[in-house]
Amino acid sequence: MKQLVAFDLDGTLADSKQPLGEAMGDALAALLAVAHVAVISGGDWPQFQKQVASRLPESADRSRLWLMPTTGTKLYTHGADGWSAVYAELFDDGQKAAILAAFDAALEATGFVPEQTWGERIEDRGSQITFSALGQQAPIHAKEGWDPDFAKRKIIQADLRQRLPGLSINMGGATSIDITREGVDKAYGLQKLRDASGIALDAMLFIGDAIFPGGNDYPAKQLGLDTVRVRDPQETLAVIAGLVACLK
Ligand SMILES: [Mg+2]
């Protein structure tokens, strides 16, 4: 018996970046009367609020709704005071300090310590940290001249990978390197959901439009969940109607 139905958002519950249609809001409300419901997608919370949370009918039982922005690195639930984050896997001050120290060490070790920097070198984007070698206020001409062919950063990147295991390290703009956690996908998010909800993976059903090798819903299937692949939100409505009839 399934206790929880997890959905992809874009292409499954709604058209890409669009709010849920009224029929989908009603369908989710009907499903929430018989099961827990989760939504997991790469977008951040403001996007979830706009597309999902604000589109549910008054009657929907939000206490059984689990919203997982940024592929499950954040979890929001609804309580007496409205929506709030149960957790958000942001880099903490200690991790940020460790990342900054690793950069200093890497620049030193590779011989690429810049002669001058402008402003803060670390920018915190929540679940992503961006390191700008010359600082965020560096003038364009200095940035353009520093590493036009990525040669310096390839060497720094290789050095950093040794210093920061478990993190994904990739080159960004003219002088920047982006750092995120490694291995964040929907399988990762669904395991976080299992831990937070206490609902076993085999009591979950996953519904998405990209359940095929290379699709961003495929990790749910690889994790071993029962899945239903849908073509579009229209088909999702039909699947939900069937589920409601079976679970009620
Ligand atoms: Mg999708």
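The first residue of the sequence shown is numbered 1, and numbering continues consecutively from there. One-based numbering, in listed order, for ligands and for the atoms of each.
- No side-chain donor-acceptor contact under 3.5 Å links Asp178 and Thr180.
- Judged by distance alone, the side chains of Gln51 and Asp10 do bring a donor and an acceptor atom under 3.5 Å apart.
- Screening residues 58-71 for salt bridge (charged side-chain N to carboxylate O under 4.0 Å, His left out), with sequence neighbours left out, gives Asp61-Arg64.
- A salt bridge links Asp104 with Arg121: the closest approach of a Lys/Arg side-chain nitrogen to an acidic carboxylate oxygen falls below 4.0 angstrom.
- Counting only protein atoms, the N, O or S atoms lying less than 2.8 Å from the Mg ion (ligand 1) are Asp8 OD2, Asp10 O, Asp209 OD1, ordered by chain and residue number.
- Each side-chain hydrogen bond (donor to acceptor under 3.5 Å, both in side chains) pair with one or both residues in residues 23-44, not counting sequence neighbours, appears once here: His36-Trp66, Asp44-Lys74.
- Annotation: side chain to side chain donor-acceptor pair (under 3.5 Å) contacts of Asp147 (sequence neighbours excluded): Arg153.
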